[in-house]
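This report concerns only the one structure given below.
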Amino acid sequence: MGFLASKRTERSAETEFDAFEVVAAQVVDVIATAGVVLDQQNQVVRASPGAVQFGLVQNRRLIHAALVQLAEDAKKASGAVSVDIELETGLRRDTVWVHARAAKFGERYVMLLVDDRTDSRKLEETRRDFVANVSHELKTPIGAISLLTEAISGATDDPETIQKFAESLQRESQRLANIVQELIELSRVQGAKLSETSGDLDLATVIADAVDRNMVLAEQHSIKLASSAVGPVKMFGDYEMLTTAVKNLVENAIVYSEPGGQVGVGLRVVDSVAEIAVTDSGIGIPESEQERIFERFYRVDPSRSRETGGTGLGLAIVKHAAYNHRGEVRLFSKVGTGSTFTLRLPIEQQES
Ligand code: ADP
């Protein structure tokens with residue numbers, strides 16, 4: 001705002017207007033991300049700090065032609081005019097989505113208010129993608145179930161075929177049940193109010209429980225599953241959420257290993273951070289995929305994941321569970337050698 005001080009002497013006739021401008025500049029900053037007052041030549045006579053920071057103004061001019069156009073429109077209109085547009089700002093030319101409004105301000109000026117709507121736009125896009133993904137994921141087993149039931153009713157005099165189709169039917173409905181179950185878990189971790197569901201817990205018990213829930217799966221895959229966790233390691237958190245997270249990691253470690261492999265779970269505390277490490281000697285994850293696997297529905301090998309009953313949601317649940325507890329997940333993996341997922345959770349001073 002300071003750069004306008006010298007301009008003021010030239011505009012002595014407008015002095016009575018200055019106070020008005022100052023108030024306007026203060027007000028726009030409260031009600032919008034950025035506010036600018038323009039004169040008849042579209043020169044900026046007032047810019048709120050937000051407008052400068054947001055990269056709308058340079059040398060007393062609006063940078064974006066679309067905003068200049070809006071100011072022009074406002075001069076001709078009887079009321080306010082508005083537009084939702086995409087702008088590029090700053091040196092990095094970041095794309096931002098804004099809602100801009102302009103209106104005549106007194107006889108000689110135009111007031112322009114710009115609101116940053118990038119976050120809500122991104123949220124909207126994410127929500128749309130998610131709904132599309134869920135629909136796609138559900139469509140496959142539902143389609144298969146419908147085809148299989150048709151096939152069964154057309155094969156009434158062939159018990160062997162019926163038996164085969166019935167088994168496929170069961171597999172597909174189990175898959176459907178898995179997706180729905182994981183969606184429920186995901187929405188639970190995303191919307192969780194931890195203050196209501198948290199309590200004192202021992203991470204060694206969480207691990208024991210998660211390992212226990214995977215015993216049958218480990219046997220089915222001929223995997224040796226062992227935990228070296230020694231407690232107590234106390235922390236304040238959501239027992240069910242953390243157990244689900246560790247359970248998902250152990251489950252992956254089992255299903256992405258070859259029969260005869262080993263899966264180990266460890267627990268240690270380093271500088272008030274509890275580290276739960278789940279290590280396997282399985283297929284490993286290429287480095288280029290290591291970031292993406294935490295995204296919802298992302299799989300390195302969709303057909304393998306489908307075979308093992310995977311939904312692509314397990315690690316998204318783990319990531320959210322970690323974030324909810326102010327923690328993180330780290331991954332070390334080598335293709336053909338195996339992977340270690342480490343759930344790192346800050347804990348209060350450890351009691352021994
Ligand atoms: P899914 O239900 O497909 O297992 P996840 O979100 O749990 O979904 O995992 C996403 C993808 O990450 C998996 O499809 C798999 O490709 C990869 N992945 C996860 N854990 C492991 C692991 N321990 N070893 C190898 N690949 C893994």
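Along the sequence shown, the residues carry numbers beginning at 1. Order of appearance sets the numbers: ligands from 1, and atoms from 1 within every ligand.
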Name the option, out of [options], that contains the heavy atom nearest to [atom].
| atom | options | answer |
| --- | --- | --- |
| atom 12 (O) of ligand 1 | Val335, Ile283, Ile293 | Ile293 |
| atom 6 (O) of ligand 1 | Val300, Asn178, Ile317, Leu315 | Leu315 |
| atom 7 (O) of ligand 1 | Asp301, Asn252, Thr311, Ile254 | Asn252 |
| atom 10 (C) of ligand 1 | Tyr298, Phe297, Tyr256 | Tyr298 |
| atom 23 (N) of ligand 1 | Leu249, Asp280, Ile179, Val278 | Asp280 |

Atom of Phe297, atom of Leu183 and distance for their closest heavy-atom approach: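 Where Phe297 meets Leu183 most closely, the heavy atoms are CZ-CD2, 4.4 Å.
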Closest non-hydrogen atom pair between Arg344 and Glu275, with its separation: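 In terms of heavy atoms, the two residues are closest at NE-OE2, 2.8 Å.
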More than 12 heavy atoms of other groups within 6.0 Å of Glu219 CD: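 It does not: Glu219 CD has 12 such atoms or fewer within range.
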Residue Glu291 excluded, over 12 heavy atoms near CD under 6.0 Å: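 Open: at most 12 neighbouring heavy atoms sit under 6.0 Å from CD of Glu291.
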For [X], the ligand 1 atoms whose distance to one of its heavy atoms is below 4.0 Å:
| X | result |
| --- | --- |
| Gly284 | 25 (C) |
| Ser339 | 24 (N) |
| Gly314 | 5 (P), 6 (O), 7 (O) |
| Leu313 | 6 (O), 8 (O) |
| Gly312 | 1 (P), 2 (O), 3 (O), 6 (O), 8 (O) |

Stepwise salt bridge (charged side-chain N to carboxylate O under 4.0 Å, His left out) check, Asp238 with Arg188: CA-CA 11 Å; Asp238 183 320; Arg188 200 175 101 75; 3.6 Å; yes
Side chains of Asp73 and Gln69, donor plus acceptor under 3.5 Å: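 Note: Asp73 and Gln69 side chains meet the donor-acceptor criterion.
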Min N/O separation Ala316 to ligand 1 under 3.5 Å: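 Not met; the criterion fails.
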Within-cut-off N or O pair, Glu182 and ligand 1, under 3.5 Å: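 No; every N/O pair is 3.5 Å or more apart.
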Within reach of ligand 1, part of Ile285 (heavy-atom separation under 4.0 Å):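 Contact part for Ile285 vs ligand 1: side chain (C-beta onward).
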Leu186-Val246 co-clustered via ILVMFWY side chain contacts under 4.5 Å: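 No.
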Within 45° cone of Trp97 ring axis and under 6.0 Å: Arg121 NZ or CZ: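 Judged by the rule (NZ or CZ under 6.0 Å from the ring centre, within 45° of its axis), Arg121 counts as positioned above Trp97.
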Geometric cation-pi criterion, Arg296 with Phe130: 6.0 Å, 45°: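 Yes, a cation-pi geometry holds between Arg296 and Phe130.
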Phe341 near ligand 1 by a heavy-atom separation under 4.0 Å: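 Heavy atoms of Phe341 do come under 4.0 Å of ligand 1.
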contact_flag Gly282 ligand 1 heavy-atom lt 4.0 Å: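 The answer is no, since Gly282 has no heavy atom less than 4.0 Å from ligand 1.
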Listed pairs under 3.5 Å, donor-acceptor, residues 144-155 side chains, sequence neighbours left out:
unit_1 : atom_1 : unit_2 : atom_2 : d
Thr149 : OG1    : Ile145 : O      : 3.0
Thr149 : OG1    : Ser146 : O      : 2.8
Ser153 : OG     : Thr149 : O      : 3.1
Ser153 : OG     : Glu150 : O      : 3.0

Protein residue, atom and distance nearest to atom 3 (O) of ligand 1, heavy-atom basis: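 Looking at atom 3 (O) of ligand 1, the protein heavy atom closest to it is Ser305 OG, 2.6 Å.
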